[in-house]
Amino acid sequence: MTQATESPANPRADRSPHDAGWAALAGILAGAAGLALAELVAALVAPAASTLFAGGAAVVDAVPPWLKDFAVQAFGTNDKAVLLASMGVVLAAGAALAGWLELRRPPVGALLIAAVGAVGAMVAVLRPEATPLWALPSIIGIGGAVILLRMAIARLRPAADLRRQEGTTVDRRGFLAVTGVAAGVAVLALVSSRVVSAGAAAVNVVREKIRLPAARKAADPVPAGADLELDGLTPYITPNPEFYRIDTALRVPQLDPADWSLEVHGMVDEPFTITWDELLALPLEEHHVTLACVSNSVGGDLIGNALWLGYPIRSLLERAKPQPGADMVLSVSDDGFTAGTPLEVLQDPDRASLLAIGMNGEALPVDHGFPARLVVPGLYGYVSATKWVTSLKVTTFEADQGYWTPRGWSALGPIKLQSRIDVPRGSAAPGAVTVAGVAWAQHTGIAEVEVRADDGDWVPAELAETVGPDTWRQWRASIDLDAGDHTLAVRATDADGLVQTEAEAPPAPDGATGWHTVQVSVG
């Protein structure tokens, strides 16, 4: 006589933990396939519309100033990579949860993934430069993820139920086939998206073939004594690969100069649009200018000096004829970023504000704004240094705001007087120790730098030569140090007699202050 097998009161209770693991894997693979599909559709519609990048841009937009500062200080120019990696981990965990829920409480897992897609589509269409088509990548990608997840779990669930009822082993052939398809879809879609979006490589090819015209007004030559050439001391001219990059673009805009143009409009009598070829035909100028990020902490490295080639912004504004009452120019990037710059600064005939197309003798690197960006001496980049610029709107501070102003940052952003110790770092031999670094007070100039050890007397430093007040200045001094641990400090005085303040302040809302100090072990 065969004894009937009783079903437990809770049919889910006997499912093996192994089933939960396979379900989580199914969720991850389905989610990966969905994101890859979204990337492929975004490559066809608009690269910035991808679920991952649109979501990341929304996160960047939402972070408060203190969190932005923390990310920059902790990760520097790798902040975007860390953000995307963190989002990937969160999405993977969410996809695994969706797989587990789809096995345990169907269709909750599929609904969870669908909800992520709905949020992604909403975030994408709300981007400043978006169109309704930007919703497609998230809708199609997540739709595919839901289908693959349900197919995989539908094959896993009967096997789990059969094992519970009859004590059989799981035949995962069908399940593995579906998850294999999901993995294949992910790889194929991702590869296809890279092929479709090969415009990045194409833009680099175009850039490398560009031969910039000679400047009608060449920059003043760098004096022989501008670079002290000490080991560990930052060079006077920052090489392009080493120049800092801080911006809001998770995906660097890929602009073909043949398709690029700059619109000058707003409160002007004669609005106009200028193309790349028209810009190249103008009398271009070269200027050495140091740029600094407002997120640079005391002693930080988010600052660099380069030779820029471009056309004076004041000449563009003269052509447009700003109307009375205008006091700000809102520059707009191709990725939607905006910066509000005082009109009087851009009209200053003694300030080398450029619509720049060249950097250190070559076309702008793509990461630094190719084909055109703004370079404005004396202002932090968040209010002036717009990359991939496509629009200059003459307006007022009352009517418009730059990207960072409503997020708690100052509207004006003049660069503060600062100095930094580059050498020595860590240790030194007893006796005369060479202390060296850089100091900056853009558009004012550095008149004096002093260093001291352990709250002792200030020692004047030797100043290197410089092109002019719009660049930083190297310095060095010699201090006698006995064996032991010492604290070195530096302060600068600008050409107007202002002495760098000792008062410490964080970067937000208008730039860090304080004396840079380093600890040195002598022995």
Side-chain angles (χ1 to χ4, degrees), residues 60 63 65 67-84 227 232-253 287-308 310 331 333 335 337 339 354 356 358-370 372-389 403-404 409 413-423 425 437-443 470-474 506-508 510-513 516:
V60 172
V63 297
L67 185 54
K68 170 186 178 289
D69 277 344
F70 170 79
V72 172
Q73 300 308 320
F75 307 113
T77 56
N78 295 315
D79 57 338
K80 298 174 185 63
V82 171
L83 171 61
L84 292 175
D227 201 322
L233 177 60
T234 301
Y236 183 72
I237 300 295
T238 307
N240 289 356
E242 299 175 15
F243 207 96
Y244 78 94
R245 179 203 159 198
I246 297 292
D247 51 55
T248 62
L250 293 178
R251 185 189 291 272
V252 175
H287 296 280
H288 291 93
V289 177
T290 295
L291 299 183
C293 179
V294 70
S295 294
N296 199 34
S297 60
V298 174
D301 60 0
L302 300 181
I303 182 170
N305 185 47
L307 173 64
W308 307 94
S331 52
S333 169
D335 72 338
F337 173 82
L354 296 176
M359 181 179 182
N360 288 333
E362 61 183 64
L364 286 173
V366 175
D367 284 354
H368 290 287
F370 180 78
R373 64 169 295 166
L374 301 190
V375 171
V376 181
L379 298 182
Y380 286 118
Y382 80 103
V383 296
S384 67
T386 302
K387 303 170 186 172
W388 315 288
V389 62
Y403 179 91
W404 286 112
W409 296 81
I415 293 177
K416 294 182 176 179
L417 170 63
Q418 274 291 341
S419 54
R420 186 183 77 200
I421 298 173
D422 286 349
V423 293
R425 289 292 180 94
V438 289
W440 58 92
Q442 281 96 318
H443 206 57
D470 289 337
T471 73
W472 58 12
R473 198 166 186 179
Q474 293 184 353
D510 58 0
T513 62
H516 185 215

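Index from 1, following the sequence. A quick note: this is a predicted structure, and the numbers were derived from the prediction, not measured.
Contact of the Trp404 side chain with the Val383 side chain is not registered, since no non-hydrogen atoms from C-beta on lie closer than 4.5 Å. Contact annotation: the side chain of Tyr244 approaches that of Leu291 to within less than 4.5 Å [non-hydrogen atoms, C-beta and beyond].
Interatomic distance, Thr234 OG1 to Asp227 CG, rounded to the nearest 0.5 Å: 9.5 Å. To the nearest 0.5 Å, the span separating OG on Ser331 from CZ on Arg373 amounts to 10.5 Å. Rounded to the nearest 0.5 Å, atoms CG (Leu233) and CG (Asp422) are 5.5 Å apart.
The heavy-atom pair separating Lys387 from Ile246 by the smallest distance is NZ-O, 3.9 Å. Of all heavy-atom pairs spanning Val252 and Trp388, the tightest one is CG1-CZ2, 3.7 Å. Here the closest non-hydrogen pair linking Ala292 and Gln442 is CB-NE2, 4.4 Å. In terms of heavy atoms, Pro365 sits closest to Asn240 at CG-ND2, 3.9 Å. Between Ala306 and Phe243, the shortest heavy-atom distance links the atoms CB-CE1, 3.9 Å. The two atoms that bring His288 and Thr471 nearest to each other are O-CG2, 3.4 Å, heavy atoms only.
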Please lay out, stage by stage, how Arg420 and Asn296 fare under the test side chain to side chain contact (heavy atoms under 4.5 Å, CB included).
CA-CA 11 Å; Arg420 186 183 77 200; Asn296 199 34; 5.6 Å; no
Tyr403 vs Thr248, side chain to side chain contact (heavy atoms under 4.5 Å, CB included): CA-CA, chis, key distance, verdict:
CA-CA 10 Å; Tyr403 179 91; Thr248 62; 3.7 Å; yes
CA sep, side-chain torsions, deciding dist, call: Asp510, Lys416, salt bridge (Lys or Arg N to Asp or Glu O under 4.0 Å)
CA-CA 9 Å; Asp510 58 0; Lys416 294 182 176 179; 3.0 Å; yes
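In terms of modelled atom types and a separation under 3.5 Å, the side chain of His443 and the main chain of Pro377 share no donor-acceptor contact. No donor-acceptor pair closer than 3.5 Å links the side chain of Asn305 to the backbone N or O of Ile237. Distance alone, capped at 3.5 Å, places no donor-acceptor pair between the Trp308 side chain and the Leu354 backbone. No donor-acceptor pair closer than 3.5 Å links the side chain of Gln418 to the backbone N or O of Gly300. A donor-acceptor contact shorter than 3.5 Å is absent between the side chain of Asp335 and the backbone of Pro253.
Ring-plane geometry between Trp440 and Trp472 is classed as tilted, the angle between the planes lying from 30 to 60 degrees on a 0 to 90 degree scale.
When each of Val375, Ile415, Val376 is checked for a side chain to side chain contact (heavy atoms under 4.5 Å, CB included) with Ser384, only Val376 meets the rule.
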